[in-house]
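Each remark here refers to the structure printed beneath this line.
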Amino acid sequence: MPKSRIRKKADYTPPPAKQTAAIKLTNRAWVAPVMLALFLIGLAWIVVFYVTDGSLPIDKLGNWNIVVGFGFIAAGFGVSTQWK
């Protein structure tokens with residue numbers, strides 16, 4: 001009976017190394033000062049509204065001054081998402 005051919009296995013070759021893409025980081029030095037400024041403006045807006053019994057910062061807005069103050073604070077949180 002004829003002998004079957006022995007198949008030679010190829011040597012193990014590891015997969016090629018993955019090329020890491022260079023991540024382009026931009027300078028985000030402006031984020032922290034703007035974020036803190038928006039937080040402080042919002043806080044100051046609300047504090048001034050309560051301290052002056054609603055006559056300042058804008059009398060015509062009435063209780064909507066609270067919404068404006070929280071709007072500044074929310075904008076600060078929005079800017080904080082850009083911080084790396």
Side-chain angles (χ1 to χ4, degrees):
M1 176 167 238
K3 194 174 179 182
S4 63
R5 261 195 276 172
I6 299 174
R7 295 182 193 156
K8 187 175 183 182
K9 290 185 178 181
D11 292 334
Y12 173 74
T13 55
K18 292 182 180 179
Q19 296 286 338
T20 57
I23 299 173
K24 193 174 189 180
L25 295 176
T26 58
N27 188 2
R28 303 268 173 119
W30 59 272
V31 173
V34 171
M35 175 185 64
L36 292 175
L38 288 171
F39 287 156
L40 292 176
I41 290 170
L43 180 65
W45 194 288
I46 294 170
V47 168
V48 167
F49 174 72
Y50 278 115
V51 169
T52 61
D53 292 326
S55 62
L56 288 176
I58 300 174
D59 189 28
K60 292 182 181 179
L61 289 180
N63 286 334
W64 284 97
N65 280 307
I66 298 171
V67 175
V68 173
F70 278 113
F72 278 113
I73 294 171
F77 279 114
V79 170
S80 71
T81 63
Q82 300 298 316
W83 196 1
K84 291 188 179 189

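Screening F77, F72, F70 for a ring pair (Phe, Tyr, Trp, His ring centres under 6.0 Å) involving F39 leaves a single residue, F77.
At distances below 3.5 Å, at least one donor-acceptor pair connects side-chain atoms of N65 with backbone N or O atoms of G62. Under the 3.5 Å distance criterion, the side-chain polar atoms of W45 are left unmatched by any main-chain donor or acceptor of I66.
By the criterion of side-chain heavy atoms lying less than 4.5 angstrom apart, applied directly or through intervening Ile, Leu, Val, Met, Phe, Trp or Tyr residues, V67 is grouped together with I41 in one hydrophobic cluster. A single hydrophobic cluster is not seen to contain both L40 and V31; linkage of ILVMFWY side chains at heavy-atom distances under 4.5 Å, directly or through other members, places them apart. In the hydrophobic clustering of ILVMFWY residues, with side-chain heavy atoms under 4.5 Å counting as a link, I46 and V51 come out apart.
Residues L38 and I73 have side chains not in contact (no heavy-atom distance under 4.5 Å, counting atoms from C-beta outward).
Going from atom OG1 of T52 over to atom CG of D59 covers 8.5 Å, rounded to the nearest 0.5 Å.
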Any chance you could lay out the side-chain contact (heavy atoms from CB on, under 4.5 Å) test for I58 and W64, step after step, and finish with the verdict? CA-CA 9 Å; I58 300 174; W64 284 97; over 6 Å; no
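Residues M35 and G76 share a closest heavy-atom pair of CG-O, 3.4 Å.
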